[in-house]
Amino acid sequence: KSCVPADRKHTAFSKRANPPNTEFRRFYERADLPVHVDQNGSIPKIAWKMPVHKLDYHHYLPLFFDGLRETEYPFSFLAEKGVKDMITLGGGKILPVI
């Protein structure tokens with residue numbers, strides 16, 4: 001017998017409430033992140049305002065990881081693609097941050 005009432009059960013596909021505003025969202029809304037969504041084609045892409053390898057990883061990598069908690073577009077999209085790009089192109093800058 002479940003402790004959770006039947007009307008309170010959630011599945012993996014249930015709509016979740018967005019977490020409290022993340023630092024990632026706050027920085028994006030202030031235009032303090034070096035990325036934006038490129039809508040020139042039918043598929044949105046991440047556009048960096050500067051080369052990824054020149055970013056301050058000590059500052060930006062934790063912010064982008066914090067953004068992975070976001071559930072709303074464009075925050076979730078930018079955080080996911082940003083983390084992927086930074087890890088792929090970061091080389092030796094990643095380990096000192098971790």
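Here, residue 1 is the first one in the sequence, and each next residue gets the next number.
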Any chance you could measure D85, atom CG, to E80, atom CD, to the nearest 0.5 Å?
10.5 Å
Flag yes if L95 and F64 sit in one hydrophobic cluster, no otherwise; membership is Ile, Leu, Val, Met, Phe, Trp, Tyr, and two members link when side-chain heavy atoms are under 4.5 Å apart.
no
Going only through I, L, V, M, F, W and Y residues with side-chain contacts under 4.5 Å, is there a path from I43 to V35?
no
Got a sec, which residues hit side-chain hydrogen bond (donor to acceptor under 3.5 Å, both in side chains) with E23, two or more places apart in sequence or on another chain?
R26
Under 3.5 Å, side chain of K93 to main-chain N/O of L55, donor-acceptor pair present?
yes
Listed partners of H53 passing side chain to side chain contact (heavy atoms under 4.5 Å, CB included), at least two apart
P51
So do the side chains of I94 and V97 get within less than 4.5 Å of each other, counting heavy atoms only?
no
Euclidean distance, M86 CE relative to L63 CG, rounded to 0.5 Å
8.5 Å
L68 with I98, same ILVMFWY side-chain cluster at under 4.5 Å
yes
Would you name the heavy atoms of D38 and A47 that are closest together and state the gap between them?
CB-CB, 3.9 Å
Take W48 and Y60 through the test ring-ring contact (aromatic ring centres under 6.0 Å, His included) and record every step on the way to the result.
CA-CA 13 Å; W48 291 93; Y60 288 113; 8.1 Å; no
Rounded to the nearest 0.5 Å, what separation is found between the NZ atom of K45 and the CG atom of N40?
8.5 Å
CG-CD distance between N21 and E29, expressed to the nearest 0.5 angstrom
6.5 Å
Quick check on K49: does its NZ atom have over 12 non-hydrogen neighbours (other residues, nucleotides or ligands) under 6.0 Å away?
yes
Has the side chain of Y57 got a donor or acceptor atom that lies under 3.5 Å from a matching backbone atom of P96?
no
When the ring planes of Y28 and F24 are compared, do they come out parallel, tilted or perpendicular, using 30° and 60° as the limits?
parallel
